[in-house]
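Computed from a predicted model, the values in this text were never measured in an experiment. The residues of the chain are indexed from 1 along the displayed sequence.
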Amino acid sequence: MPKLGMEPIRRDAFIAATIAEIGQAGSLDVTVGQIARRAGMSSGLAHHYFGSKDQMFLAAMRHVLTLYGAEMRAALRGADTPRARLHALVRVSFTGSNFRREVVAAWLNFYVMAQRHDDAARLLRIYQARIRANLRHALRQCGSAQAEALAEGAAAMIDGAYLYEALGTGHPDGDRATAQVLGWIEAALPEQETIA
């Protein structure tokens with residue numbers, strides 16, 4: 001087995017520290033020095049690995065999205081019906097690893113960063129296209145002629161739940177958010193349709 005060098009270990013520590021600092025501050029108003037201190041390393045090393053605070057934050061969001069994607073793929077492998085697939089898509093968005101205070105804060109700041117940073121905007125577009133395509137596919141399998149509109153609405157509800165939690169004062173409640181999104185989908189289906 002190949003020996004793991006220090007660079008991946010240090011990068012991972014910086015990424016974890018970035019997410020934690022943003023979660024604590026609730027904004028991108030953190031310094032590379034704060035992140036480096038939390039990671040137990042120097043600011044110089046942070047700049048060496050990432051180049052800038054924006055690049056550190058993008059690396060942190062890529063990490064969040066990589067974990068989200070892996071969890072989503074695992075959940076979908078076990079989904080053997082259209083209904084199970086739809087539930088998996090919504091449920092994974094609100095699991096404890098994805099819907100915790102510091103990750104919610106990172107998402108809120110990611111939405112803001114995407115307004116001014118091309119790489120962040122591209123990464124956000126990729127995420128949005130994938131979640132909508134997955135929702136559309138699951139809803140079409142359920143027989144919904146309105147799959148496109150329902151997928152857009154469900155994706156907006158998922159993003160909205162993150163915004164709502166980011167502005168709230170409590171702890172994110174993934175079960176409640178899952179029930180709200182799935183309830184909205186059920187209510188939005190035409191009368192003759194139900195999720196099979």
Test: [X] and [Y] ion pair at under 4.0 Å:
| X | Y | result |
| --- | --- | --- |
| R91 | E71 | no |
| D119 | R62 | no |
| R176 | E165 | yes |

Is the closest side-chain heavy-atom distance between [X] and [Y] below 4.5 Å?
| X | Y | value |
| --- | --- | --- |
| N109 | M61 | no |
| P172 | R100 | no |
| D54 | R116 | yes |
| R85 | N134 | yes |
| W107 | Y127 | yes |
| L139 | I185 | yes |

Does atom CZ (R130) have a neighbourhood of more than 12 heavy atoms from anything else shown, all under 6.0 Å?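 Open: at most 12 neighbouring heavy atoms sit under 6.0 Å from CZ of R130.
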Can you establish whether the number of heavy atoms outside Y111 located under 6.0 Å from its atom OH is more than 12?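 Yes, OH of Y111 has more than 12 neighbouring heavy atoms, counting only those of other groups under 6.0 Å.
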Which of these, L58, I15, V32, sits in a side chain to side chain contact (heavy atoms under 4.5 Å, CB included) with F50?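 With F50 as partner, side chain to side chain contact (heavy atoms under 4.5 Å, CB included) holds for just one option, I15.
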Among Q34, M56, E102, H63, find the one that has a side chain to side chain contact (heavy atoms under 4.5 Å, CB included) with T18.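 Testing T18 for a side chain to side chain contact (heavy atoms under 4.5 Å, CB included) against Q34, M56, E102, H63 leaves exactly one candidate, M56.
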Check for a donor-acceptor pair, side chain of [X] on one end and backbone N or O of [Y] on the other, with a separation under 3.5 Å.
| X | Y | value |
| --- | --- | --- |
| R11 | Y49 | yes |
| R140 | R136 | no |
| Y164 | A177 | no |

What is the ring orientation for F94 with F99, classed by angle as parallel under 30°, tilted 30 to 60°, or perpendicular over 60°?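 Geometry flag for F99 against F94: perpendicular rings.
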Given Y68 and S93, is the side chain to side chain donor-acceptor pair (under 3.5 Å) satisfied, shown in steps? CA-CA 8 Å; Y68 170 79; S93 294; 3.3 Å; yes
Enter the distance from [X]:[atom1] to [Y]:[atom2] here, rounded to the nearest 0.5 Å.
| X | Y | atom1 | atom2 | value |
| --- | --- | --- | --- | --- |
| T95 | D175 | OG1 | CG | 10.5 Å |
| H87 | T178 | NE2 | OG1 | 10.0 Å |
| Q128 | I158 | CD | CD1 | 11.5 Å |
| L150 | E186 | CG | CD | 10.5 Å |
| H47 | F14 | NE2 | CZ | 9.5 Å |
| M157 | D159 | CE | CG | 11.0 Å |

Closest non-hydrogen atom pair, [X] against [Y]:
| X | Y | result |
| --- | --- | --- |
| Q146 | A188 | OE1-O, 3.7 Å |
| L135 | L86 | CD2-CD1, 3.8 Å |
| G33 | S43 | CA-OG, 3.3 Å |
| A39 | A13 | CB-O, 3.8 Å |
| A166 | V104 | N-CG1, 3.5 Å |

Would a single hydrophobic cluster contain both L163 and V103, if residues Ile, Leu, Val, Met, Phe, Trp and Tyr are joined by side-chain heavy-atom contacts under 4.5 Å?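 Same cluster: V103 reaches L163 through Ile, Leu, Val, Met, Phe, Trp or Tyr contacts under 4.5 Å.
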Let me check something: do L67 and L76 share a hydrophobic cluster, defined by ILVMFWY side-chain heavy atoms less than 4.5 Å apart, either directly or through other members?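 Result: no, two separate clusters.
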